[in-house]
Amino acid sequence: MAQTNFTLTNFTYTANKPVVGKIVPVTTGAAMPKVKLVGESARTFELVKDNTLKLKKTAISNPQAFWQEVVVETNSGQRDTFRIVRDEFITNRVVAHRGAWKNTGATENSIGALQHAIRLGCAGSEFDVHMSSDSVLFVHHDHDVNGTHIEKTPAAELAKLKLPNGEYLPTLEAYLQAGLNQNKTKLILEIKPSAISKERGQALARKVVETVQKYKAQGWVDYISFDYDICRKVKELEPSAKVAYLNGEKAPAELAKDKMYGFDYHQNVVKKNPQCIEEAHALNLTVNVWTVNAPEMMDWLLERKVDFITTNEPEILLEKVSKLSSK
Ligand code: MG
């Protein structure tokens, strides 16, 4: 968990773009302590004007690792470590809904389904997160697993539950560890609203962000939620987080005002109001649409240049985008 109150504005680099981003206070307007880079990372990175973090040229020419760690120390001796991932994430717009499970035999929201989405070459793999009664995070769609309510059950009990494909119910920690082994497929993390209370949803959002920070996974994870207060909580705790709103009723202008990444709306909302795509793009927001399984609707959305399509049929959509890119 981060012990400090500063963070980065970006967690990726490319060989052509060695500037990573700035080291900034988490709270807007708070004073930024004087910082320096320490250890091995001082050889890999340098701090230039305004705490801008830059990868040194020599480090870029080293192609071995797809991520680098940077250790930042304040003048009072506080330290934090961030992981900077080389941005080779696929941009084919295909987001596998709950992983790639329908045509692979993996159970939805299993680590196996994530691995299939990675193997297929999807831009993103979506999954859902809930919190146990003792505040451990688990990946699952429904609030219950065969009648066992996740929010009312301690982690030790939940950890004994098996999915139909033989995997144990995955914790978020295990799921992230599997996802961080690569830098091609983004992890699209849905924070489920609590069925118990609004407050519990806020606690869940905090725990999720802390877990992503603990695993230094910021460069891999985008967030989505149906609960706008959860979206805002994530932005408060990690201002550079890419957060998209799911529930469909907010205009792009409001999302832009709150510095959201974009919207991720049901296909009927977008079909009824197609100009929202252009409105979002004019405001530099991304457009994601769920859950699109019909080939005709995929075509309709691809024509309108949406950024992501969330689907249970990633194989069909992958074929479509590969045809488009070879045209
Ligand atoms: Mg979901």
Side-chain angles (χ1 to χ4, degrees), residues 93-104 106-118 120 122-132 137-145 149-151 158 163-165 167 169-172 174-176 178-179 185-195 200-201 204-205 207-209 211-212 217 220-231 233-234 241-250 255 260-270 286-293 297 301 306-314 317:
R93 298 182 258 187
V94 181
V95 175
H97 182 234
R98 307 178 195 171
W101 52 273
K102 194 176 168 195
N103 307 306
T104 65
T107 304
E108 61 176 47
N109 272 321
S110 65
I111 289 173
L114 167 65
Q115 286 164 338
H116 278 294
I118 293 168
L120 286 170
C122 298
S125 189
E126 187 264 1
F127 58 103
D128 306 288
V129 176
H130 300 265
M131 187 165 73
S132 70
L137 303 173
F138 285 88
V139 176
H140 195 64
H141 180 263
D142 295 348
H143 282 285
D144 72 284
V145 186
H149 199 293
I150 297 173
E151 291 191 88
L158 294 168
L163 302 176
N165 68 340
E167 268 182 49
L169 182 71
T171 59
L172 176 61
Y175 200 93
L176 287 179
T185 300
K186 283 275 187 118
L187 309 176
I188 314 297
L189 192 166
E190 179 176 350
I191 304 177
K192 284 289 183 195
S194 168
R200 214 169 183 282
L204 162 61
K207 189 83 189 179
V208 166
V209 172
T211 303
V212 169
W220 282 260
V221 172
D222 293 354
Y223 297 90
I224 54 176
S225 188
F226 279 99
D227 181 333
Y228 201 61
D229 292 325
I230 286 178
C231 294
K233 190 69 184 173
V234 173
K242 293 174 174 164
V243 185
Y245 180 55
L246 289 165
N247 205 42
E249 86 285 9
K250 288 200 186 291
L255 302 173
M260 296 298 162
Y261 185 46
F263 67 69
D264 184 354
Y265 285 170
H266 188 274
Q267 52 188 322
N268 292 348
V269 172
V270 178
T286 57
V287 173
N288 191 345
V289 185
W290 56 275
T291 298
V292 182
N293 302 322
M297 188 59 186
L301 291 165
V306 300
D307 304 278
F308 307 100
I309 297 173
T310 301
T311 178
N312 293 335
E313 303 281 1
L317 184 55

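The model shown is predicted, which means the values in this text are computed figures rather than measured ones. Start at 1 and go down the list; that is how both ligands and their atoms are numbered.
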Side-chain (Ser125) to main-chain (Leu114) donor-acceptor, under 3.5 angstrom: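 Side chain of Ser125 to backbone of Leu114, a donor-acceptor pair under 3.5 Å: no, none is there.
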Among the N/O/S atoms of [X], select the one at the shortest distance from the Mg ion (ligand 1) and name it.
X: Glu190; result: OE1
X: Glu126; result: OE2
X: Asp128; result: OD1

With Tyr228 via ring-ring contact (aromatic ring centres under 6.0 Å, His included) - residues at least two apart: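 Once residues adjacent in sequence are excluded, the partners of Tyr228 under the ring-ring contact (aromatic ring centres under 6.0 Å, His included) criterion are Tyr245.
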Distance-only side-chain donor-acceptor flag, Asn312 / His97, under 3.5 Å: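 Yes, side-chain donor-acceptor contact under 3.5 Å.
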Ring center gap for Trp290 and Phe226 short of 6.0 angstrom: yes
